[in-house]
Number of protein chains: 2
Amino acid sequence: MSQTPSPGPAGSSQLIRQLNAQRVLGCMWGREPSTATELMHATGLTRATVLTLCRDLTEQGWLQVSENSRQAGQYTKGRPALRYAFREDACHVIGVDAGLHQVTAAVANLRGVEIGCATRPSNPEGSEAPLQPAPERRRTILDTIDAALAQADLTHADVACLVIAVPAPVDSSGDSPKGLNAFWGLMNPELISLGAEHGWDCAVDNDANLAALAELDLGSGAAEDSFAVILSGERLGAGLVMDGSLLHQSRGGIGELGMLDLVQGVESSNGLGWWARHLAREALKQAPGHAGPLGAVTPEEVTSEHVFAAAEQGDLLALEVIDQLADRLARICVVLAGLLDLDRILVSGAIAPALTDVAARAKHKLAQYLYAPWLRIEASALGADAVRRGAIRLAVDRIKDQALPGAPGA
Amino acid sequence: MSQTPSPGPAGSSQLIRQLNAQRVLGCMWGREPSTATELMHATGLTRATVLTLCRDLTEQGWLQVSENSRQAGQYTKGRPALRYAFREDACHVIGVDAGLHQVTAAVANLRGVEIGCATRPSNPEGSEAPLQPAPERRRTILDTIDAALAQADLTHADVACLVIAVPAPVDSSGDSPKGLNAFWGLMNPELISLGAEHGWDCAVDNDANLAALAELDLGSGAAEDSFAVILSGERLGAGLVMDGSLLHQSRGGIGELGMLDLVQGVESSNGLGWWARHLAREALKQAPGHAGPLGAVTPEEVTSEHVFAAAEQGDLLALEVIDQLADRLARICVVLAGLLDLDRILVSGAIAPALTDVAARAKHKLAQYLYAPWLRIEASALGADAVRRGAIRLAVDRIKDQALPGAPGA
DNA sequence: TGCTTATATTAAGACTCTATATTTAGTCCG
DNA sequence: CGGACTAAATATAGAGTCTTAATATAAGCA
């Protein structure tokens with residue numbers, strides 16, 4: 001009596017089956033079709049085992065046999081091998097960059113390739129109107145998703161996972177702290193519930209964290225590196241990757257940069273875009289009738305784009321601003337890389353393409369403050385796409401983790 | 001042909017056996033003796049399985065049957081259960097705190113209980129002589145180890161693992177960076193090789209990191225918390241624990257606090273002990289003939305102990321110093337906790353017992369700079385023992401991880 | 001057609017855990 | 001002192017996994 005613990009019929013022997021199935025699927029995920037022989041080498045399992053696993057995975061919808069057995073001329077002798085291919089369209093995911101001023105949603109296959117994308121304005125820039133209330137923002141996001149789905153010619157039923165990026169800290173349950181900062185609550189009005197309403201797996205996360213995931217995906221060869229991704233438009237935010245995995249915490253406050261208020265020469269968590277505009281404005285006021293290209297706009301009209309464009313043309317005043325931005329960035333890097341011994345720091349976000357020069361100068365200035373010759377400071381190649389790409393990456397990862405047991409649908 | 005991958009006789013079926021064995025051993029490690037029934041509940045396995053695993057583990061030397069079957073009056077009816085007990089003396093470990101001024105070594109059993117401890121001076125305090133050369137320092141450490149072993153009445157053959165803590169960053173291969181800072185090389189002169197010379201498993205790590213491990217061991221209930229441990233004697237160093245696991249990196253520079261040079265109101269990585277002395281000295285020079293207890297010593301003689309003792313007695317000048325220390329500490333906490341969203345910050349090291357008041361004041365001042373009401377700032381209860389305890393903890397952990405397969409000796 | 005080659009399939013063996021029945025070691029009680 | 005009672009230990013059978021080795025298959029090539 002009293003001898004029926006919990007596990008089902010034949011106990012934990014199936015556990016190892018699942019582990020192996022996951023290993024095989026992991027070897028094939030997003031990659032070229034493989035033969036059993038290749039998988040044997042990759043997994044260390046026997047041919048018999050690999051083939052039964054592949055058959056199971058095919059039945060479940062994760063794989064399909066691709067007929068081009070001996071194609072690619074890998075060999076010509078002997079019986080042609082079965083080739084199994086990863087079904088990148090077994091199901092689909094949605095990644096949303098729900099920014100302050102605009103919402104972008106993309107539908108992607110399991111390889112992370114976007115097959116539909118749409119953008120909608122939200123809290124139009126320059127407008128002085130109060131921020132969108134929660135229901136309106138939720139509707140905007142859903143509309144954007146539907147538009148992206150329509151473009152991909154898919155329906156709600158084809159979607160397995162939704163990930164939304166918001167410019168706010170997000171805790172482990174998907175909520176953003178309220179009360180302290182009303183902005184955060186308006187950026188993330190219970191967005192996590194959007195998934196449940198449609199029966200999708202769903203996650204909400206901070207935009208900088210997701211941008212970091214996107215950079216991790218590009219993977220500079222070594223998967224072991226540690227880096228920070230700084231989102232730097234109007235306000236600063238960072239995502240931290242240590243040893244190839246994103247730092248997370250239940251309150252979701254990792255990478256908040258409010259503490260920069262205390263750092264000499266930084267003194268605020270305003271972004272580089274904000275500072276470019278601010279510094280240029282002040283400088284123009286000091287030097288009315290400035291002769292360079294930047295003199296063409298009034299102090300009130302000047303934007304960060306003006307500054308970067310003028311610097312390209314050699315405007316001395318703009319170059320001085322660039323230099324100050326670089327010093328600011330260098331100091332931020334000192335704090336992050338000094339404390340965490342990072343390998344590199346990436347500046348990302350929409351203005352990243354304009355910051356390659358700033359990053360290079362920051363790298364140069366860094367040596368004044370910190371000995372870290374290995375540290376790379378670079379502008380992200382992803383730019384405005386980083387956040388959305390990261391959302392997709394996380395969505396695909398979630399599917400991957402839940403993969404076994406069960407078919408792609410469930 | 002070509003069908004013999006690598007695994008041995010019956011393949012990866014034994015893997016699950018090992019996993020289960022490790023689970024059982026993990027359930028018993030350092031805890032009270034258990035019966036099969038208890039282990040069934042803990043592991044979810046069947047009685048038959050648990051018993052065979054226990055028998056195997058007993059043969060390997062990890063467990064032993066304790067005869068007091070029905071002792072403790074847990075029940076009186078039925079056949080008495082076999083009770084298996086963890087053999088805390090299956091082998092032993094050595095933890096060494098190889099500080100600048102003194103070396104402390106302790107021998108501990110697998111429960112982490114010290115059964116022998118010894119201390120030797122190294123680079124005597126106050127002396128102006130150059131630092132010990134490498135061979136001498138290695139000899140000092142070995143002497144200390146031998147003394148601890150002698151006290152425990154054990155020999156080299158009883159030791160399975162050695163962990164050494166040094167006041168320097170340590171990379172993943174156990175080396176400290178040379179050239180840049182000669183001090184580091186002298187603190188860690190290839191200490192990792194001491195293990196191989198005696199056939200012990202060996203690790204070298206940064207002292208602050210190990211202090212963090214020791215605090216983790218105390219475990220405030222929730223194993224999920226994130227905190228920093230600040231070692232704060234002459235120089236500052238920190239160990240970072242995120243979500244219950246220590247942050248590490250191949251270069252070993254995590255927790256180096258050189259970047260505090262850039263933080264307003266901190267401006268250096270000198271420790272709180274250094275600052276207590278320095279501030280008191282300056283203040284005494286400013287106020288010659290100071291009436292309070294602190295006036296009893298000359299500016300040149302004053303030490304941090306004097307300051308804390310005088311503050312206890314209400315010396316106004318000392319209290320002013322305490323207040324400045326608290327502000328400094330608060331700012332350090334802002335940087336660490338703001339960036340990493342920590343749950344608590346512990347000040348550890350030899351002077352920790354004197355810093356309870358400083359920590360409390362820092363917590364109070366923190367609100368000026370950062371909203372983090374959940375953050376606790378406390379002085380560690382471990383004090384001067386923290387580093388050594390952490391070294392022991394790491395050594396025991398290493399044994400635990402290597403535990404299966406094989407007997408404790410191997 | 002037959003030989004060669006590389007793969008797929010199948011059956012047997014070893015190992016794991018579970019499930020159930022049986023034995024054992026005690027206490028308790030008449 | 002012997003017999004019920006109880007809870008644990010043991011023994012046996014069953015289902016599951018992987019590997020191993022033998023066999024079958026699908027091509028190319030002479």
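Sequence lines set the chain letters: A, B, ... in the order given, protein chains first and strands last, and positions in each chain run from 1. Only heavy atoms go into these numbers, but all of them, side chains included; no hydrogens, no water, no symmetry mates.
- In this structure, CG in Leu246(A) is found 7.0 Å from CG in Asp205(A), a value given to the nearest 0.5 Å.
- For the pair Leu39(B) CG and dA8(D) P, the interatomic distance rounds to 12 Å; values are reported in whole Å.
- Atom CG in Leu53(A) sits about 16 Å away from atom P in dG16(D), given to the nearest Å.
- Nearest to the side chain of Ala48(A), among dT20(D), dA8(C), dA8(D), sits dT20(D).
- Across the protein-nucleic acid pair, Arg83(A) atom CZ and dA6(C) atom P stand 17 Å apart, rounded to whole Å.
- Between the CZ atom of Arg17(B) and the C1' atom of dC17(C) there is a distance of 9 Å, given to the nearest Å.
- Base-pairing analysis of DNA chain C finds the following stems of at least three consecutive Watson-Crick or G-U pairs, with both pairing distances under 3.5 Å: C:1-30 with D:1-30.
- At whole-Å resolution of the value, CD in Glu38(A) and P in dA6(C) are 15 Å apart.
- A salt bridge links Arg398(A) with Asp201(A); the closest basic N to acidic carboxylate O contact falls under 4.0 Å.
- In this structure, Thr49(B) reaches the dT18(C) phosphate: one of its side-chain N or O atoms is under 4.0 Å from OP1 or OP2.
- Residues Leu57(B) and Ala21(B) share a closest heavy-atom pair of CD1-O, 4.1 Å.
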Might you list the N or O atoms of the protein lying below 3.5 Å from N or O atoms in nucleotides 28-30 of chain C, with each pair's distance?
| from | atom 1 | to | atom 2 | distance (Å) |
| --- | --- | --- | --- | --- |
| dC28(C) | OP1 | Thr76(B) | OG1 | 3.2 |

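- Not one N or O on the side chain of Thr43(B) forms a donor-acceptor pair closer than 3.5 Å with the backbone of Val24(B).
- Atom CZ in Arg55(A) sits about 13 Å away from atom P in dT17(D), given to the nearest Å.
- In this structure, Arg83(B) contributes its side chain and Thr35(B) its backbone to no donor-acceptor pair below 3.5 Å.
- Distance from the side chain of Arg47(A) is smallest for dT9(C) among the nucleotides dC15(C), dT19(D), dT9(C).
- Regarding Leu15(B), its CG atom lies at a distance of 15 Å from the C1' atom of dG16(D), rounded to whole Å.
- We find the CD-CD distance between Glu32(B) and Glu38(B) to be 10.0 Å, quoted to the nearest 0.5 Å.
- Rounded to whole Å, atom C1' of dA14(C) lies 13 Å from atom CD1 of Ile16(A).
- The closest donor-acceptor contact from the side chain of Thr58(A) to the backbone of Cys54(A) lies under 3.5 Å.
- For the residue pair Arg17(A)/Asn20(A), the side-chain donor-acceptor check at 3.5 Å is not satisfied.
- Dashed line: the shortest gap from a side-chain N or O of Arg79(A) to OP1 or OP2 of dA24(D) is not under 4.0 Å.
- Trp29(A) and Phe86(A) have tilted rings, their planes meeting at an angle from 30° to 60° on a 0 to 90° scale.
- Looking only at distances, no side-chain donor or acceptor of Arg393(A) sits under 3.5 Å from a matching main-chain atom of Arg388(A).
- Applying the 4.0 Å criterion to OP1 and OP2 of dC18(D), one finds that Asn20(A) has a side-chain N or O inside that range.
- Comparing dA9(D), dC18(D), dA8(C) by their nearest atom to the side chain of Leu51(A) picks out dA8(C).
- For Thr37(B), no side-chain nitrogen or oxygen approaches OP1 or OP2 of dA7(D) to under 4.0 Å.
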